[in-house]
Amino acid sequence: MNSPGYRRPLVIAAAVIAVLSLAAVAAVIAIASTGSAAPVWITSTALYGLPAAFMLAAVLVVDAIRLRRRQ
């Protein structure tokens with residue numbers, strides 16, 4: 001099965017976004033446990049990173065299903 005060249009970079013991007021977002025979630029929890037508020041960019045990364053990574057993964061799954069049905 002020949003996979004298109006755009007799939008591997010999207011998989012890597014989704015994984016990097018997910019890891020960074022999970023690290024941001026951990027940072028927000030750690031900062032909140034000290035009683036202060038996390039910076040906006042960390043909170044935004046935590047809130048929007050995981051859904052973005054999930055949507056990239058969903059696009060890749062749909063693309064894989066489409067490629068498999070085409071063959």
Side-chain angles (χ1 to χ4, degrees):
M1 184 164 126
N2 252 347
S3 75
Y6 64 87
R7 291 184 72 202
R8 184 169 302 271
L10 284 180
V11 168
I12 293 170
V16 168
I17 291 169
V19 167
L20 289 176
S21 181
L22 286 174
V25 169
V28 168
I29 291 171
I31 293 170
S33 69
T34 64
S36 60
V40 174
W41 68 272
I42 295 177
T43 307
S44 296
T45 303
L47 287 175
Y48 299 119
L50 285 176
F54 178 78
M55 291 304 294
L56 275 175
V59 166
L60 288 167
V61 167
V62 169
D63 185 51
I65 291 170
R66 183 186 58 85
L67 285 176
R68 188 152 307 217
R69 286 189 179 186
R70 181 186 284 177
Q71 291 182 351

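What you see is a predicted model; the values in this text were computed from it and never measured.
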Side-chain donor or acceptor of S21 paired with backbone N/O of I17 under 3.5 Å: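 Such a contact is absent between S21 side chain and I17 backbone.
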Just jot down the side chain to side chain contact (heavy atoms under 4.5 Å, CB included) partners of [X], sequence neighbours excluded, or say none.
X   : value
P51 : none
A14 : L56
L60 : R7, L10, V11
S36 : I31, T34

Fellow cluster residues of I29, listed by chain then number, with links counted only when side-chain atoms sit under 4.5 Å apart: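 Noted: I29 shares its cluster with V25.
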Heavy-atom pair with the smallest gap, counting every atom of P9 and G5: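 Of all heavy-atom pairs spanning P9 and G5, the closest is CD-O, 3.2 Å.
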Partners meeting salt bridge (Lys or Arg N to Asp or Glu O under 4.0 Å) with R66 (sequence neighbours left out):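 Partners of R66 under the salt bridge (Lys or Arg N to Asp or Glu O under 4.0 Å) test: D63.
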Separation of T45 OG1 from L50 CG (nearest 0.5 Å):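 So the CG of L50 and the OG1 of T45 are separated by 10.5 Å.
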